[in-house]
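We name chains A, B, ... by the order of the sequence lines, and we start the count at 1 in each one.
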Number of protein chains: 4
Amino acid sequence: MLGCAAVARGIRGNKRRIELLEAARDCFSEHGYHATSVDDIAKRVHVARGTFYLYFADKRAIFAELLAEFLGRIAGSIQSIDLADPSRPPREQLRANLLRLVELAEGEPAMVKLTLADAPGLTYELDEQLQTFYAALRLFIDESLQEGQKMNLIRKGDRQLYISLVLGGLQRILLDHCRGTLALSAVEVVDAIMAFLNEGLLA
Amino acid sequence: MLGCAAVARGIRGNKRRIELLEAARDCFSEHGYHATSVDDIAKRVHVARGTFYLYFADKRAIFAELLAEFLGRIAGSIQSIDLADPSRPPREQLRANLLRLVELAEGEPAMVKLTLADAPGLTYELDEQLQTFYAALRLFIDESLQEGQKMNLIRKGDRQLYISLVLGGLQRILLDHCRGTLALSAVEVVDAIMAFLNEGLLA
Amino acid sequence: MLGCAAVARGIRGNKRRIELLEAARDCFSEHGYHATSVDDIAKRVHVARGTFYLYFADKRAIFAELLAEFLGRIAGSIQSIDLADPSRPPREQLRANLLRLVELAEGEPAMVKLTLADAPGLTYELDEQLQTFYAALRLFIDESLQEGQKMNLIRKGDRQLYISLVLGGLQRILLDHCRGTLALSAVEVVDAIMAFLNEGLLA
Amino acid sequence: MLGCAAVARGIRGNKRRIELLEAARDCFSEHGYHATSVDDIAKRVHVARGTFYLYFADKRAIFAELLAEFLGRIAGSIQSIDLADPSRPPREQLRANLLRLVELAEGEPAMVKLTLADAPGLTYELDEQLQTFYAALRLFIDESLQEGQKMNLIRKGDRQLYISLVLGGLQRILLDHCRGTLALSAVEVVDAIMAFLNEGLLA
DNA sequence: TATGAATGAGTATTCATTCAT
DNA sequence: CATGAATGAATACTCATTCAT
């Protein structure tokens with residue numbers, strides 16, 4: 001879990017760090033950021049409060065690190081679509097992207113909740129962190145859509161609105177999927193999204 | 001006599017209540033729930049802290065009331081679609097619903113932010129409040145979709161997933177629209193959504 | 001006591017402020033700055049911890065205010081020596097200055113201890129505050145000495161060293177006088193200092 | 001054999017002790033006692049925190065030891081004045097004492113600051129330590145003055161006050177001299193003090 | 001109705017000190 | 001001798017809430 005971002009402080013120290021990160025992730029996602037005290041996190045690892053501060057500057061720091069790490073994994077799961085590759089049609093590549101995303105979310109339901117439901121509006125700095133990520137993501141998607149529109153793979157229309165629509169829809173689906181509200185497999189989710197993108201909702 | 005006096009007080013009292021509600025709405029949307037103190041709200045109305053508690057039980061109460069009132073207005077703006085009315089085809093009715101929603105949001109950007117970005121994950125009780133609303137909304141939409149699928153107006157497929165997708169997309173659009181990120185008029189936004197629902201994104 | 005520097009917050013509030021200032025002065029002088037907690041100060045006034053923060057931003061603020069107020073009173077007790085006034089010879093004026101100083105100190109033994117023994121080396125900001133005061137004081141004395149040297153009222157020699165010697169001696173005397181170590185009256189103390197300035201120590 | 005090993009350890013251990021003492025002296029004089037953590041001291045010697053506690057019981061202990069050592073050296077630099085020695089007139093002996101003191105201070109500016117500016121008001125125990133030293137010093141000076149007064153070498157007057165005045169003045173001069181505020185050589189400083197003691201300040 | 005002084009529970013954070021390795 | 005991870009007591013500070021006026 002939690003990738004292998006932090007390597008400092010030797011192997012022992014890193015283990016404790018990761019324990020704390022996982023405990024924080026679970027506390028935050030169960031009770032929210034504000035309702036979680038540093039002591040809650042420390043207690044969950046059976047460690048004294050002071051120990052927490054050996055590894056993280058403060059409460060925000062551990063949240064920011066959780067967030068940064070997960071946003072990084074999300075970014076890593078998205079691959080640029082190669083329109084020229086004859087062996088992999090664009091729709092296949094898009095589908096693969098969606099599938100990786102859904103599977104990543106499935107494996108980290110707590111982080112999905114933190115990232116999509118709790119993080120927005122927590123702190124100015126955290127919001128910055130998120131805005132930066134989303135701005136980059138939207139830019140990336142915008143360029144892909146523009147390319148697609150040129151090649152008539154994507155319908156004409158306001159791309160920013162399309163992005164909002166798709167991004168929002170996808171976020172909601174990931175959240176609901178992780179919560180178990182949607183009783184579908186990853187593949188079924190992706191297929192349904194693809195169908196929607198292909199034909200819309202109205203017959 | 002007493003009655004009259006009481007009513008008079010009631011009316012003035014109501015004015016104060018509304019001032020406080022508006023002040024709270026603006027404080028919350030500007031700085032977030034936790035970064036807003038009861039004193040901030042009271043000061044914005046040029047009233048003492050104690051006065052706040054004459055009108056609201058506590059801080060959560062005023063947020064809950066703001067939320068309930070706005071969710072009520074959202075619910076009120078959505079009209080059931082009458083499939084039998086020959087003078088108003090279903091798509092027209094759906095379009096009208098969306099337009100009312102977008103215009104409602106346009107008029108209350110602060111409440112849109114509070115409802116969609118800040119409220120989730122604030123408190124257990126607030127989450128309950130939201131879940132209840134969304135559950136009812138989803139149920140309502142689900143029934144409409146079911147009806148529409150029966151009559152071949154809506155494509156087959158997992159309705160819950162469709163709802164998540166559309167709801168999430170719509171929420172994101174409302175948020176971005178209120179933030180001014182989307183440089184479109186209400187009608188243009190609605191048209192684009194309708195186009196998406198009609199044909200999807202991929203050409 | 002404690003002058004009338006703060007007038008804000010109405011009469012009631014000012015009373016509480018002054019109570020807190022006096023409590024802080026006594027706590028600090030009895031146990032030192034670091035060994036005094038905000039709670040100690042509040043308890044001494046039979047008031048809750050939070051009340052302290054209604055009147056002072058933090059612990060340093062109340063110390064800084066005590067110090068500033070007392071340094072102000074010291075400055076106010078020192079009068080420029082008018083060499084031209086035939087009715088009041090310079091020595092008389094110097095004597096009067098010293099007497100005012102000793103009497104001021106006698107009335108505020110706690111503040112003497114805080115200012116002379118505890119304040120130096122507490123905080124960077126506090127040190128600044130003191131340095132500024134002493135720099136101004138030394139400058140003032142230096143000008144007086146220079147004038148005196150011109151008129152042959154003061155012996156030639158390095159003025160900065162003289163100032164250090166006299167200032168240090170005076171501080172020590174004030175401290176010891178307030179502690180009761182010196183079993184003398186204010187007038188006797190002043191007379192002895194004057195004798196020393198006149199003739200030195202060695203016969 | 002064991003003895004030799006123990007001594008060897010003792011010698012190395014002593015080296016570490018001294019390194020720690022010097023590091024502590026510099027940390028304390030740079031940032032003050034409270035702003036210096038045990039870790040700061042240990043880090044300065046490139047040693048782990050735990051190592052500190054192999055040599056000193058706690059933080060106060062190392063400060064107390066620094067202080068005791070320096071007070072000891074001060075005491076050692078002061079020689080009893082032999083009034084009977086015809087080859088060395090009393091003023092010469094006094095002058096020599098002052099010169100030794102100023103030169104000692106010049107060589108240890110950090111300790112001068114610690115002893116004169118920081119130590120007073122730090123801890124009850126430390127204050128005791130200082131009071132004991134000063135009491136002994138004052139007693140010693142008092143006896144010398146008494147002797148001097150008997151022989152008409154010292155002016156009549158309250159000896160305790162004289163001591164306060166001279167001690168305070170001397171302390172201030174040593175501090176300012178170490179800070180470089182006084183732009184004089186050790187000899188010049190001593191000469192000025194002697195002139196002051198001889199004739200006072202007023203012409 | 002309105003006030004605002006007072007409350008005190010709640011938390012983040014620091015750091016001297018210990019101890020297993 | 002040396003380490004440094006772990007400890008947890010100690011404290012400053014915030015802020016929702018109350019209540020006497």
Side-chain angles (χ1 to χ4, degrees), chain A residues 9-10 12-13 15-17 34-42 45-61, chain B residues 5-6 8-10 12-13 15-16 34-43 45-62, chain C residues 9-10 12-13 15-17 34-42 45-61, chain D residues 5-6 8-10 12-13 15-16 34-43 45-62:
Chain A
R9 217 174 288 256
R12 270 284 300 271
K15 179 164 158 284
R16 192 41 54 93
R17 247 185 99 79
H34 281 105
T36 298
S37 72
V38 169
D39 201 37
D40 292 334
I41 299 170
V45 186
H46 303 296
V47 140
R49 253 204 303 290
T51 304
F52 175 92
Y53 290 93
L54 293 177
Y55 297 93
F56 301 96
D58 49 35
K59 207 171 100 175
R60 285 177 320 173
Chain B
R9 253 189 264 129
R12 265 209 273 136
K15 180 163 158 284
R16 190 48 48 94
H34 280 105
T36 297
S37 70
V38 169
D39 200 39
D40 292 334
I41 299 169
K43 278 223 183 79
V45 186
H46 304 296
V47 140
R49 259 205 288 289
T51 304
F52 175 92
Y53 289 92
L54 294 177
Y55 296 93
F56 300 96
D58 50 35
K59 200 172 115 175
R60 285 175 320 173
I62 201 172
Chain C
R9 219 174 286 257
R12 272 282 303 269
K15 180 166 158 282
R16 190 46 49 93
R17 247 186 100 78
H34 280 106
T36 297
S37 73
V38 169
D39 202 37
D40 292 334
I41 299 170
V45 186
H46 303 295
V47 140
R49 253 202 304 290
T51 303
F52 175 92
Y53 290 95
L54 293 178
Y55 297 93
F56 301 96
D58 49 36
K59 206 172 101 174
R60 284 177 321 173
Chain D
R9 254 189 262 130
R12 263 208 275 138
K15 180 165 157 284
R16 190 46 51 95
H34 281 105
T36 297
S37 71
V38 169
D39 199 38
D40 291 334
I41 299 169
K43 278 223 182 80
V45 186
H46 304 295
V47 141
R49 258 206 288 291
T51 304
F52 175 93
Y53 288 92
L54 294 175
Y55 296 92
F56 300 95
D58 49 38
K59 200 171 114 174
R60 285 174 321 174
I62 201 173

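- The interatomic distance linking C/Tyr55 (OH) with F/dA12 (P) rounds to 20 Å, in whole Å.
- A straight line from CZ of C/Phe56 to C1' of F/dA12 spans 16 Å, rounded to a whole angstrom.
- Taking C/Val45 as the reference, C/Arg16, C/Glu19, C/Leu20, C/Ala23, C/Val47 meet the side chain to side chain contact (heavy atoms under 4.5 Å, CB included) condition, with sequence neighbours excluded.
- Residues passing the ring pair (Phe, Tyr, Trp, His ring centres under 6.0 Å) test with B/Phe52, sequence neighbours excluded: B/Phe56.
- Considering only residues two or more places apart in sequence or on other chains, A/Arg49 meets the salt bridge (charged side-chain N to carboxylate O under 4.0 Å, His left out) condition with A/Asp39.
- The two atoms that bring A/Tyr53 and A/Val38 nearest to each other are OH-CG2, 3.6 Å, heavy atoms only.
- Nearest heavy atom pair, residue D/His34 against residue C/His34, reads ND1-ND1, 2.8 Å.
- The shortest non-hydrogen separation linking B/Ala48 to B/Ala42 is O-CB, 3.8 Å.
- For the residue pair D/Ala61 and D/Ala57, the shortest heavy atom distance occurs at CB-N, 4.0 Å.
- With sequence neighbours excluded, no residue forms a side-chain hydrogen bond (donor to acceptor under 3.5 Å, both in side chains) with B/Thr51.
- Rounded to 10 degrees, the angle separating the terminal helix axes of the helix from E/dA2-F/dT21 to E/dT21-F/dA2, each built from five base pairs, is 10°.
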At under 4.0 Å between heavy atoms, which parts of nucleotides 11-21 of chain E does protein reach? Answer with one letter per nucleotide, 5' to 3': B base, S sugar-phosphate only, - none.
-SBBBSBB---
